[in-house]
Amino acid sequence: MGVIGWIFLVVVLAVAAWAVMAYNRLVVARNRIANAFGQIDVQLKRRHDLVPNLVEVARGYMAHEASTLEAVIRARGAASSAADQARARPADAAAIGLLSQAESALGAQLGRLMMLSEAYPELKADAHMLRLSEEITSTENRIGFARQAYNDQVLEFNNHASQFPDVLLARALGFGAAAMLESTTSDAERAVPQLRF
């Protein structure tokens, strides 16, 4: 084998080594996204499990607010369904986008329920309602921390998948950009509430 043959062999081996390392980096980053989503999923499941209990406690005091209670249950169902889809594909941008929207809607409905409960002093003082409210608040905080960890992993994956030369391999093998899990999805949700006195 001549010098050109050896040079060609070295170049082929170098490209193969780079391809293996780049592929492994992308797989590890994608697996970290799945792991981080698993942490969110645990908290979302807890939140989804608390909602029916909260609605049942409120139902006893807020009988004429049935439409609000039903809206909370519908939002919970949609969020649970979106979480199932995202669980199956935690790096899929579309599934995560649907989950963000569904969880935002559930959060809005829970907020509305909590606001309405302020008008019912007996409900506010109910021991079960107090406990459930504290658990939901605690769960919301945990979801926030888990969302941050997930988004950090998505950022790492997206950086690997979009930097040259790894982007060449990422595109060829279908490693698309993963979506961040946003806590708000619209300008209205991001707006600062205006208080007028």
Side-chain angles (χ1 to χ4, degrees), residues 19-52 54-55 68-114 136-192:
V20 168
M21 290 187 311
Y23 177 79
N24 288 341
R25 271 193 305 274
L26 291 167
V27 168
V28 166
R30 185 179 58 195
N31 290 343
R32 286 184 178 158
I33 289 174
N35 179 52
F37 184 79
Q39 301 306 313
I40 291 174
D41 192 39
V42 167
Q43 299 310 320
L44 292 178
K45 171 114 174 61
R46 181 171 184 219
R47 179 190 200 196
H48 298 163
D49 290 347
L50 289 170
V51 169
L54 184 70
V55 168
T68 299
L69 300 174
E70 289 170 10
V72 171
I73 292 298
R74 278 193 308 275
R76 181 224 182 237
S80 184
S81 176
D84 290 342
Q85 292 175 14
R87 186 178 308 112
R89 300 180 323 266
D92 181 52
I96 295 301
L98 289 174
L99 178 62
S100 290
Q101 291 174 350
E103 286 297 328
S104 291
L106 177 57
Q109 291 301 328
L110 282 173
R112 184 167 180 232
L113 175 62
M114 298 311 262
I136 285 182
T137 300
S138 171
T139 301
E140 294 296 330
N141 290 335
R142 292 176 187 175
I143 290 170
F145 290 126
R147 181 184 299 116
Q148 179 62 49
Y150 173 84
N151 287 341
D152 289 345
Q153 294 306 318
V154 167
L155 177 63
E156 181 182 334
F157 173 81
N158 288 343
N159 285 341
H160 285 304
S162 62
Q163 292 176 343
F164 186 81
D166 291 2
V167 68
L168 302 173
L169 187 66
R171 286 185 182 167
L173 296 177
F175 285 94
M180 298 279 187
L181 187 57
E182 300 174 6
S183 61
T184 57
T185 57
S186 70
D187 290 338
E189 291 173 323
R190 290 182 185 97
V192 176

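- Of all the heavy atoms in Ile33 and Ala178, the pair that sits closest is CD1-CB, 3.9 Å.
- Closest approach of Asp41 to Ala83, counting heavy atoms only: OD1-CB, 4.4 Å.
- Here the side chains of Thr139 and Ile143 are in contact, with some heavy-atom distance below 4.5 Å.
- Asp84 has a carboxylate O that lies under 4.0 Å from a charged side-chain N of Arg87, or vice versa, which qualifies the two as a salt bridge.
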task = Begin with the C-alpha distance, continue with both residues' side-chain angles, and end with the deciding distance and a verdict on side-chain contact (heavy atoms from CB on, under 4.5 Å) for Arg32 and Asp152.
result = CA-CA 10 Å; Arg32 286 184 178 158; Asp152 289 345; over 6 Å; no
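- Remark: Arg76 pairs with no residue by the side chain to side chain donor-acceptor pair (under 3.5 Å) rule, at least two apart or across chains.
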ask   = Given Gln43 and Ile40, is the side-chain contact (heavy atoms from CB on, under 4.5 Å) satisfied, shown in steps?
value = CA-CA 5 Å; Gln43 299 310 320; Ile40 291 174; 5.9 Å; no
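- By the 4.5 Å heavy-atom criterion applied to side chains, Arg46 and Ser138 are counted as neighbours.
- Note that CD of Gln153 and CG of Asn151 are 10.0 Å apart. Values are rounded to the nearest 0.5 Å.
- The closest side-chain heavy-atom distance from Phe175 to Val27 is below 4.5 Å.
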request  = Output, in order, the C-alpha distance, side-chain angles, deciding distance and verdict of side-chain contact (heavy atoms from CB on, under 4.5 Å) for Leu173 and Leu26.
outcome  = CA-CA 10 Å; Leu173 296 177; Leu26 291 167; 6.0 Å; no
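- Note: Tyr150 and Phe37 have perpendicular aromatic rings, judged against thresholds of 30 and 60 degrees for the angle between ring planes.
- Taking each heavy atom of Ala82 and Leu99 in turn, the nearest pair found is CB-CA, 3.8 Å.
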Stepwise side-chain contact (heavy atoms from CB on, under 4.5 Å) test for Val154 and Ile96 = CA-CA 11 Å; Val154 167; Ile96 295 301; over 6 Å; no
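- Note on Lys45 versus Asp49: salt bridge recorded, some NZ/NE/NH1/NH2 to OD/OE distance being below 4.0 Å.
- The side chain to side chain donor-acceptor pair (under 3.5 Å) test applied to Glu103 returns Arg47, His48, not counting sequence neighbours.
- Scanning both residues, Ala86 and Ala95, for their nearest heavy atoms gives CA-CB, 3.9 Å.
- From Ile73, atom CD1 reaches atom CD of Gln109 across 11.0 Å, with rounding to the nearest 0.5 Å.
- Taking OG1 of Thr137 as the start and CZ of Arg142 as the end, the distance is 11.5 Å to the nearest 0.5 Å.
- Shortest non-hydrogen contact noted between Ala79 and Ala102 is CA-CB, 3.6 Å.
- Of the inter-residue distances, the one linking Asp166 atom CG with Arg171 atom CZ reads 12.0 Å to the nearest 0.5 angstrom.
- Proximity of a side-chain donor or acceptor of Ser104 to a complementary backbone N or O of Ser100 within less than 3.5 Å is detected.
- What you find for Ala161 and Ala170 is that their closest heavy atoms are O-CB, 3.6 Å.
- Taking CZ from Arg30 and CZ from Arg25, the interatomic distance works out to 14.5 Å, rounded to the nearest 0.5 Å.
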